[in-house]
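Because the structure is predicted, anything quoted here is derived from the model rather than measured.
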Amino acid sequence: MTGQVRTVDGRVAGRRGQATRQKLLDCLGEMLSSSPYRDVKVIDVARKAGTSPATFYQYFPDVEGAVLEIAEEMAKEGAGLTELVSGRSWVGKAGWQTSEELVEGFLDFWRKHDAILRVVDLGAAEGDKRFYKIRMKILNSVTNSLTDAVKELQAKGKVDKEVSPAAMAGSLVAMLAAVAGHQKGFTTWGVKQAELKPNLALLVHLGITGKKPTR
């Protein structure tokens, strides 16, 4: 965490205060992994962190405010997903490797942040613009890079000009997000993780290049 950390009333938090604030966020994050978002109460977060509700309210206006803090930090990490695509080759065997690494990185990120992403998706679905912006910040990091990849392939005559780069990239990223959020559900269909990744990578490769991959 960079920059000054302030309390709700605008005071700069000292080192001890920052540690308490971070512990509250860590405890809230753990609770979101095991409890429905709506069931998490300030008193429970404070108790788990070994402090009081009054201390919680020094740093956050409510549980939602604290959740947004966690989500913002997660979104900053999510911006790094662009590195899985930006400047990568989509030609030949390198294109297949790019597809595989994008799928792996995307699914890993979703698994790591599963609890907070569920809350973000819920808030965005309910029309909360704050959660919607966070969700789009994560998705845009990949969508924009994939859009550029399609444009580059079109410029080289490798992808049909009728393909809309933004529509194709957006569709693929929406698919990745949906699959990433449903990973546990695939087991009920008898699909293993080892089977999911290459098939998802195949769809991504076909979408971007319009061709079967060279493996």
Side-chain angles (χ1 to χ4, degrees), residues 25-40 44-45 48 63 67-68 70-85 88 90 93-128 131-132 134-143 145-146 149 167-215:
L25 289 175
D26 292 343
C27 289
L28 173 57
E30 288 176 24
M31 293 176 74
L32 291 173
S33 298
S34 57
S35 305
Y37 166 53
R38 307 292 190 203
D39 292 349
V40 177
D44 298 322
V45 179
K48 187 174 178 66
V63 169
V67 165
L68 281 164
I70 296 174
E72 286 285 2
E73 286 299 313
M74 179 265 301
K76 288 177 186 175
E77 184 181 331
L81 289 171
T82 188
E83 294 173 10
L84 297 169
V85 183
R88 301 289 298 275
W90 287 91
K93 289 184 178 180
W96 175 241
Q97 185 177 346
T98 299
S99 300
E100 285 187 307
E101 291 179 5
L102 171 59
V103 166
E104 182 134 13
F106 209 96
L107 296 185
D108 286 350
F109 177 82
W110 234 260
R111 271 199 304 274
K112 179 180 178 182
H113 300 288
D114 175 62
I116 190 66
L117 279 163
R118 276 189 277 110
V119 178
V120 169
D121 282 349
L122 175 63
E126 291 180 344
D128 190 316
F131 286 113
Y132 175 77
I134 289 171
R135 189 174 196 276
M136 290 309 295
K137 187 184 294 185
I138 297 165
L139 299 185
N140 284 345
S141 65
V142 179
T143 305
S145 293
L146 283 181
M168 180 59 74
S171 297
L172 289 172
V173 171
M175 175 188 71
L176 283 170
V179 172
H182 190 69
Q183 289 181 73
K184 293 176 183 176
F186 276 90
T187 57
T188 64
W189 297 333
V191 179
K192 299 174 183 176
Q193 275 287 317
E195 298 169 320
L196 176 61
K197 289 180 181 179
N199 283 281
L200 193 53
L202 175 60
L203 288 173
V204 170
H205 190 279
L206 286 170
I208 296 297
T209 69
K211 299 175 182 177
K212 287 183 177 181
T214 303
R215 308 189 195 194

Do you know the tightest heavy-atom contact between [X] and [Y]?
X    : Y    : answer
S99  : W90  : OG-CZ3, 3.1 Å
S33  : R118 : O-NH2, 4.3 Å
A177 : L139 : CB-CD2, 4.0 Å
A169 : T143 : CB-O, 3.5 Å
L25  : I70  : O-CD1, 3.5 Å

- request: Inspect the contact between K192 and E195 and indicate whether a charged nitrogen and a carboxylate oxygen are less than 4.0 angstrom apart.
  value: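 Here E195 does not pair with K192 in a salt bridge, since their nearest N and O are not under 4.0 Å apart.
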field: Salt-bridge contact D108-K112 (side-chain N to carboxylate O under 4.0 Å)
entry: no
Quick check against the 3.5 Å criterion: does [X] have a side-chain atom that pairs as donor or acceptor with the backbone of [Y]?
X    : Y    : value
D44  : V40  : no
S145 : V142 : no
S141 : I138 : yes
S35  : L32  : no

Pairs flagged by ring pair (Phe, Tyr, Trp, His ring centres under 6.0 Å) wherever residues 188-215 is involved - sequence neighbours left out: H182-W189, F186-W189
- prompt: How long is the gap from CD on E83 to CZ on R88, to the nearest 0.5 Å?
  reply: 10.5 Å
message: Return the CG to CG distance between L176 and L107, rounded to the nearest 0.5 Å.
response: 7.0 Å
- prompt: For N199, which residues count as a side chain to side chain donor-acceptor pair (under 3.5 Å) partner, sequence neighbours excluded?
  reply: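 Expected list: none.
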- request: Look at atom OH of Y132 and say whether more than 12 heavy atoms of other residues, nucleotides or ligands are closer to it than 6.0 Å.
  value: no
Qualifying residues under side-chain contact (heavy atoms from CB on, under 4.5 Å), relative to L202, sequence neighbours excluded: W96, L206, P213, R215
